[in-house]
Asker: 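If you scroll down you'll find the structure; I have some questions about it.
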Amino acid sequence: MRAAGGVVILAMIAGSSCRADECQSFSASTMKANGAVAVAKWRTDYPSMRPNPSAQQPWESIKFREAPADYMNAVLGTAKTSFKIVDRKLVGTGQEEWYISQWLDYGNSGREPLMGLTKERSPDAKDLSKTSGDKYQVWAVGFYNKPGAAVFGEVFAEPCNPSFPVAIKFPNDTASVKFLFTDASPDEVTYLQGAPEYDAFIDPVPTGSGPTGHPADTRSIRTLRLLQVDISVKDSRSQETGWVFGTFVWRGPPKGDTLFDNLVPVSLQWGNDPGVYDGTIRQGWTNPDLRDVTYGWDERPTMGFMGRANGPADNIRSSCLSCHGAARTPRASIGLLGSGFKLSDLSDAAKVKAHVDTWFQNIKAGQLFQPFEPAASALDYSLQLEAAVSRMCQACQTGDLRGPTPNVCRSTGFYNRPVCNAPMEASARQRLLGLVPPPRQ
Ligand code: HEC
């Protein structure tokens, strides 16, 4: 009997379904896929304490204003030994000190099981290349390093009732890395020719660029290629925002490890260039070698808005920092992106000014985007935390999370009753889930 009991306890420690670092009264994870496929093993065992900030990071000796590509490569280097390709999947080495966010595994854009990818905005025609169409999907998985993950440890100390202070503040040396994959055809996006293929359990095509909202139970295994890798770093030398954000594109022909060795820096920014209406960008950099590869045609003259930084998968009306500076819960009523701006408005000085003045501010940690609309918490550029709150509160609303309503759902106004709903029938649940567009739209 004693031996049998020991086996049970060991199984509980090893089995992911029993891990106390995930919410036990939630059982509708989109990572499960009815047990049909193997599930990615990413870390959510966040460090319990913030690491000692004295440790020197390899990017700290590089001046990002003067040597942006070197800075980016130094940041990427800290991920290179942690990830590899195995069996058509991106996996960790098992020793990686990179962690995913809780609560992104719910709803129509919730994590798929094979690589833990969440659904992103579908690019418009000619976003990815001069010849790309608009029927493609983009799926992504993002990680925080130890200093960042320690903040997640504080927030998710109680996984079913996370605690959000009025202002989240990530420590210096926080870094995040995000891998974005697409099913776009390499015939149209020629820099992807020869790219390794990955399997993911995703939506049927075509999806188009409009509102998607495919129910998670219509997914199947499809082929993706790595398109873009995003990085973000909390760096005190960025007096503008406290952050440095940049992105790489996978550019063939394949070489070396065919993962990191093919990544070419696209753009980097440490500020949004507020008040700059004519494209004279001083708080960012775009790689001139990628003209006519990732930008430089009528529909995509620049990567982000008027020369600000963004990646191929991103909307030209925005920049990395404009979207991420809007991280707060709940979101401001105008959202993350001024999607109403038309490219033909670029010649209209008043419209350009209004767009820049609204979206391209330099927000600091603790500062709220659109401060006249109250929020429960300012999220210091973490849109994963923002998505985590809204998905968890949705799960409470549909009854897929049971028990007491998480405090943050009440303080944000997402769901006000003291106890989460009783589980709903499938069509009512889907109606609620369909109301929410993919997060990066
Ligand atoms: C239109 C809005 C938008 C733009 C533009 C954007 N992002 Fe994000 N980003 C998001 C959202 C939403 C998430 C969280 C959900 C997810 O991971 O898919 C996210 C997540 C991330 C993460 C994971 C950590 C975090 O902050 O949540 C990183 C790193 C990141 N983005 C970097 C970038 C970089 C670099 C750029 C520019 C090249 C960029 N992003 C442009 C919306 C945007």
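Every number for a ligand or one of its atoms is a count from 1 in the order of the listing. All values below come from the heavy atoms of this structure, side chains included, with hydrogens, waters and symmetry mates left out.
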Asker: Under 4.0 angstrom from ligand 1, any heavy atom of G142?
Answerer: no

Asker: Where the closest heavy atom to atom 7 (N) of ligand 1 is concerned, which of H324, K178, R331 has it?
Answerer: H324

Asker: Check each heavy atom of E120 against ligand 1 and say whether those closer than 4.0 Å belong to the side chain, the backbone, both or neither.
Answerer: side chain

Asker: Within ligand 1, which atoms have a heavy atom of I231 less than 4.0 Å away?
Answerer: 35 (C)

Asker: Tell me whether atom 8 (Fe) of ligand 1 has C320 as a neighbour, meaning an N, O or S atom of it below 2.8 Å.
Answerer: no

Asker: Counting each atom of ligand 1 from 1 as listed, which ones have a heavy atom of Y381 under 4.0 Å away?
Answerer: 26 (O)

Asker: What is the distance from atom CD of E386 to atom SG of C323, rounded to the nearest 0.5 Å?
Answerer: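 The distance works out to 10.0 Å.
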
Asker: Heavy-atom contacts with S176 under 4.0 Å: which atoms of ligand 1 show up? List them by number with element.
Answerer: 23 (C), 24 (C), 29 (C)

Asker: Counting heavy atoms only, which part of S319 comes closer than 4.0 Å to ligand 1: side chain, backbone, both or neither?
Answerer: backbone

Asker: For the aromatic rings, using the six-membered ring if either is Trp, is the centroid distance between F181 and W250 under 6.0 Å?
Answerer: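 Ring centroids of F181 and W250 are no less than 6.0 Å from each other.
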
Asker: I'd like to check which ligand 1 atoms, numbered from 1 as shown, lie under 4.0 Å from a non-hydrogen atom of T118.
Answerer: 18 (O)

Asker: Can you find a non-hydrogen atom of G246 under 4.0 Å from ligand 1?
Answerer: yes

Asker: What part of L104 sits under 4.0 Å from ligand 1 if we count only heavy atoms: the side chain, the backbone, both or neither?
Answerer: neither

Asker: Using a 4.0 Å heavy-atom cut-off, which part of Q384 comes near ligand 1: side chain, backbone, both, or neither?
Answerer: both

Asker: Do any nitrogen or oxygen atoms of N310 lie less than 3.5 angstrom from nitrogen or oxygen atoms of ligand 1?
Answerer: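 Between N310 and ligand 1 (N or O atoms, distance only) the closest approach is not under 3.5 Å.
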
Asker: Does the gap between the ring centers of W103 and F26 come in under 6.0 Å?
Answerer: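 Centroid distance W103-F26: below 6.0 Å, so yes.
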
Asker: Enumerate the atoms of ligand 1 whose separation from the nearest heavy atom of T247 is less than 4.0 angstrom.
Answerer: 38 (C)

Asker: Looking only at heavy atoms of S232, does any of them come nearer than 4.0 Å to an atom of ligand 1?
Answerer: yes

Asker: Can a non-hydrogen atom of S382 be found less than 4.0 Å from any atom of ligand 1?
Answerer: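 Yes; S382 lies near enough to ligand 1 that a heavy-atom distance drops under 4.0 Å.
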
Asker: Counting heavy atoms only, which part of Y144 comes closer than 4.0 Å to ligand 1: side chain, backbone, both or neither?
Answerer: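 Side chain only.
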
Asker: Under 3.5 Å, N or O to N or O, is L383 touching ligand 1 that way?
Answerer: yes

Asker: May I ask you to check whether the SG atoms of C420 and C396 are separated by less than 2.5 Å?
Answerer: yes

Asker: Between the side chains of Y295 and N287, does any donor sit under 3.5 Å from an acceptor?
Answerer: no

Asker: Quick check on L321 - does any of its heavy atoms sit under 4.0 Å from an atom of ligand 1?
Answerer: no

Asker: I'd like to know if the side chain of D183 pairs up with that of W139 as donor and acceptor (distance under 3.5 Å, no hydrogens or angles considered).
Answerer: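 No.
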
Asker: Does this structure show an ion pair linking K80 with D261, if we count only N-O contacts that are shorter than 4.0 Å?
Answerer: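 Judged by the 4.0 Å cut-off on N to carboxylate O distance, K80 and D261 do form a salt bridge.
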
Asker: From the options Q283, Q239, Q367, select the one residue that forms a side chain to side chain donor-acceptor pair (under 3.5 Å) with N362.
Answerer: Q283

Asker: Please check if the distance between the ring centroids of Y99 and F152 is under 6.0 Å.
Answerer: no

Asker: Checking side-chain hydrogen bond (donor to acceptor under 3.5 Å, both in side chains) for the pair S339/N315: CA distance, chi angles, key distance, verdict?
Answerer: CA-CA 8 Å; S339 53; N315 194 312; over 6 Å; no

Asker: For Y144 and Q384, what are the C-alpha separation, side-chain angles and deciding distance, and is it a side-chain hydrogen bond (donor to acceptor under 3.5 Å, both in side chains)?
Answerer: CA-CA 10 Å; Y144 279 92; Q384 290 191 338; 4.9 Å; no

Asker: Report, in ascending order of atom number, the atoms of ligand 1 lying under 4.0 Å from any heavy atom of G311.
Answerer: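 Answer, ordered by atom number: 38 (C).
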
Asker: To the nearest 0.5 Å, how far apart are OG1 in T182 and OH in Y136?
Answerer: 8.0 Å

